[in-house]
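Report on one structure; see the data block that follows.
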Amino acid sequence: MSFFPIFLKTKGQTALVVGAGEIALRKIRLLKNAGFRIKVVALDIDPAIPELLNEHDEVHNRAVIQNDTQGVQLVIAATENMDVNKDIYSWATDLNIPVNVVDQPELCTYITPAIVDRSPLVIAISSGGESPVLARQMRAKLEAFIPAGYGLLAGLLSQFRQKVKKTFPSIQTRRLFWEDVLESPVTEACLHGQDALAEKLLEEQIDAHSKEAHKPKGEVYVVGAGPGDPDLLTFRALRLMQKADVVLYDRLVSPALLELCRRDAERLYVGKARAHHAVPQDQINAKLVELAKQGKKVCRLKGGDPFIFGRGGEEIAELMAADIPFQVVPAVTAAAGCAAYAGIPLTHRDYAQSVSFVTGHLSEKSLPVEWARYVKPFHTLVIYMGKPKLRYTLESLVSAGMSPDMPIALVSKGTMPDQKVLEATVSTMADMVENTELEAPTLVIIGEVVKLRSSLNWFKKDEN
Ligand code: SAH
């Protein structure tokens with residue numbers, strides 16, 4: 001390591017920036033955001049610079065002099081004049097003030113890292129000046145991986161620091177307490193932007209810990225796992241899958257997706273077993289509540305999106321009633337995934353201006369689908385769970401006025417490596433399906449847009 005990372009105090013400190021071009025502007029923006037008072041000295045001043053500053057800062061439109069380094073705590077030189085840069089370096093080092101001459105490592109006593117700012121949490125990344133591009137790439141990765149809510153979390157922890165110190169005088173107890181907090185629903189509430197809830201939960205946790213009757217509080221994550229390709233997971237889905245102690249999953253969740261859950265997590269299958277008995281929904285709801293009450297972090301992993309034919313609404317209603325903290329993670333729904341991987345845009349300027357998602361499988365309580373409502377020009381109809389009643393559905397559509405020649409596609413195991421797509425017309429598809437072995441799940445797409453597949457099929461080009 002040739003540079004030692006430290007964080008400099010900024011409050012009440014002045015940074016001198018010599019030069020006021022584009023690079024200086026970027027540096028000034030950083031220093032100002034960090035909280036420094038700024039002193040700029042330059043011959044030419046970019047008009048954007050004074051706009052960044054306020055009455056506490058200073059701008060001098062002239063050549064820099066030795067005296068400028070008096071009373072400042074940090075120096076950045078961004079001038080193109082080599083002699084001036086050297087002067088600044090020697091004036092600053094004489095006074096033991098950290099100095100950085102942009103792009104001239106031999107004239108630097110410090111270097112500036114790439115920053116991921118989740119204030120008060122700040123991550124600084126450096127390649128020791130060897131490869132700034134690599135450091136910036138690493139920053140981009142961390143930016144994507146660390147939710148913006150970490151700032152809120154760090155702020156909340158700092159807000160409660162004194163109170164926790166008073167409540168738990170021993171360092172050891174305090175450490176355990178904070179570790180517990182970071183593993184608790186407080187963290188999820190913050191990452192989710194629910195600051196008032198996070199504060200309330202943290203208060204409760206202080207109370208519970210101080211009474212020593214405390215038991216970790218469980219929570220539930222209702223997570224959409226997408227249509228099958230693990231690459232289509234969201235960052236949040238993956239994070240929560242790796243955090244949960246127990247995972248409840250059903251038939252639509254592929255083994256490749258389950259692989260991504262925490263290795264030692266308990267896995268409970270709640271879909272249809274070989275005997276075709278699915279665990280009834282009310283038992284799943286009750287199980288979620290029971291596990292969370294035991295203090296577990298429970299991931300309810302569902303195919304596609306939880307709120308599209310996923311009964312996610314029923315599950316969270318039960319959690320709300322039982323006052324269990326939870327969150328819902330949206331995902332790529334089968335219609336979006338299958339359409340994209342089959343090369344069928346669901347809408348298209350020339351062929352479809354609207355799209356409907358309809359279920360072919362109704363609960364006993366619902367009215368039969370009024371298929372006539374979906375027979376209209378420039379429209380795409382996507383039917384979930386449509387295979388068992390396909391013949392009846394297609395006949396109903398034709399009786400309601402749909403052309404028997406309307407193109408239709410049936411996508412089996414959409415987005416997965418063994419995806420299969422059948423293409424036909426609404427009058428021929430039912431026969432074709434009866435004569436073809438198709439694995440569940442399958443999705444039906446009806447509309448002129450299906451024709452586009454002949455030119456847009458990109459995913460499995462060799463498929464006919
Ligand atoms: N919540 C899910 C849908 C659950 S209903 C979502 O948003 O996608 C189950 C139906 O979804 C299946 O019967 C099938 O019609 C469809 N489906 C889900 N995943 C699919 C896939 N990978 N390929 C084809 N159809 C799929």
Side-chain angles (χ1 to χ4, degrees), residues 221-234 236-237 241 248-258 260 269-272 276 278-281 284-285 299-316 328-344 346 355-363 366 369 374 380-394 408-423 429-430 433 436-447 450 453 457 459-460 463:
Y221 319 130
V222 180
V223 176
D229 181 347
D231 253 15
L232 296 177
L233 275 182
T234 58
R236 180 175 295 173
M241 284 160 71
L248 277 77
Y249 66 102
D250 48 42
R251 196 169 44 101
L252 284 177
V253 176
S254 67
L257 280 164
L258 266 188
L260 298 172
Y269 180 67
V270 293
K272 272 189 192 155
H276 296 285
V279 177
Q281 187 65 45
I284 298 178
N285 300 350
C299 175
R300 172 67 177 112
L301 197 57
K302 304 171 83 72
D305 180 272
F307 277 8
I308 297 183
F309 307 126
R311 308 191 74 172
E314 293 161 54
E315 289 170 3
I316 68 165
V328 182
V329 184
V332 174
T333 186
C338 293
Y341 281 53
I344 303 172
L346 291 177
V355 53
S356 306
F357 297 170
V358 182
T359 169
H361 175 90
L362 297 171
S363 81
S366 19
V369 180
Y374 305 102
T380 305
L381 172 60
V382 180
I383 309 175
Y384 286 68
M385 297 167 273
K387 188 163 163 255
K389 288 195 177 164
L390 189 64
R391 187 176 291 279
Y392 165 77
T393 302
L394 298 182
I408 168 171
L410 191 131
V411 183
S412 145
K413 300 190 85 176
T415 78
M416 294 182 229
D418 46 351
Q419 164 179 301
K420 242 191 195 165
V421 183
L422 297 186
E423 268 182 81
M429 183 57 102
V433 167
T436 317
E437 275 213 15
L438 283 173
E439 277 188 73
T442 55
L443 188 86
V444 177
I445 305 176
I446 303 175
V450 171
R453 178 161 197 270
N457 178 23
F459 174 53
K460 292 180 75 185
E463 194 183 44

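Just so it is clear, the model here is predicted, and its values are computed rather than measured. Atoms within a ligand are numbered from 1 in the order they appear, just like the ligands themselves. The first residue of the sequence shown is numbered 1, and numbering continues consecutively from there.
- For atom 3 (C) of ligand 1, the nearest non-hydrogen atom of the protein is I308 O, 3.5 Å.
- Among all protein heavy atoms, the one lying closest to atom 11 (O) of ligand 1 is Y384 CD2, 3.3 Å.
- Judged by distance alone, with hydrogens and angles left aside, the side-chain atoms of T380 form no donor-acceptor pair with the main-chain N or O of G447 at under 3.5 Å.
- I446 pairs in a side chain to side chain contact (heavy atoms under 4.5 Å, CB included) with only one of the listed residues (L410, T393, I383), which is I383.
- Side-chain atoms of Y269 and L258, non-hydrogen and from C-beta on, never get closer than 4.5 Å to each other.
- The option with the heavy atom closest to atom 22 (N) of ligand 1, from among P306, P227, G226, is P227.
- The closest side-chain heavy-atom distance from I284 to R311 is not below 4.5 Å.
- With values rounded to the nearest 0.5 angstrom, L301 atom CG is found 10.5 Å from L252 atom CG.
- Here the heavy atom of the protein found nearest to atom 2 (C) of ligand 1 is G303 O, 3.2 Å.
- The residue from D229, L443, T442 that puts a heavy atom closest to atom 14 (C) of ligand 1 is T442.
- Set against the non-hydrogen atoms of T333, the atoms of ligand 1 under 4.0 Å away are 6 (C), 7 (O), 8 (O).
- When only non-hydrogen protein atoms are considered, atom 10 (C) of ligand 1 lies nearest to M385 CG, 3.7 Å.
- Taking every heavy atom of V411 and a limit of under 4.0 angstrom, the matching atoms of ligand 1 come to 24 (C).
- For D229 (side chain) and M416 (main-chain N/O), no donor-acceptor pair under 3.5 Å exists by modelled atom type.
- At least one heavy atom of C338 sits less than 4.0 Å from an atom of ligand 1.
- In L252, the part holding a heavy atom less than 4.0 Å from any atom of ligand 1 is the side chain.
- Residue contacts with ligand 1: T415 is excluded, as none of its non-hydrogen atoms falls under 4.0 Å.
- Nearest protein heavy-atom neighbour of atom 4 (C) of ligand 1: F309 O, 3.2 Å.
- In this structure, the side chain of K302 engages the main chain of G310 through a donor-acceptor pair within 3.5 Å.
- Heavy-atom contacts of A334 reach the following atoms of ligand 1: 6 (C), 7 (O), 8 (O), 16 (C), 17 (N), 18 (C), 19 (N), 20 (C), 26 (C) (cutoff under 4.0 Å).
- When each atom of ligand 1 is checked for a heavy atom of M416 under 4.0 Å away, the hits are 22 (N).
- Which parts of ligand 1 touch G304 is read off a 4.0 Å heavy-atom cut-off, strictly below it: atoms 2 (C), 6 (C), 7 (O), 8 (O).
- Within the set G310, S254, A331, P441, the minimum heavy-atom distance to atom 20 (C) of ligand 1 is found for P441.
- Judged by distance alone, the side chain of Y384 and the main-chain N or O of A335 form a donor-acceptor pair under 3.5 Å.
- Considering OH of Y341 and CD of Q419, their distance stands at 9.0 Å, rounded to 0.5 Å.
- From L438, atom CG reaches atom NZ of K420 across 6.0 Å, with rounding to the nearest 0.5 Å.
- Within the 4.0 Å heavy-atom shell around ligand 1 one does not find K302.
- Protein heavy atom closest to atom 23 (N) of ligand 1, with residue, atom name and distance, is G414 N, 2.8 Å.
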With salt bridge (charged side-chain N to carboxylate O under 4.0 Å, His left out) as the test, would you mind laying out the steps for D250 and R300 before giving the verdict? CA-CA 9 Å; D250 48 42; R300 172 67 177 112; 3.2 Å; yes
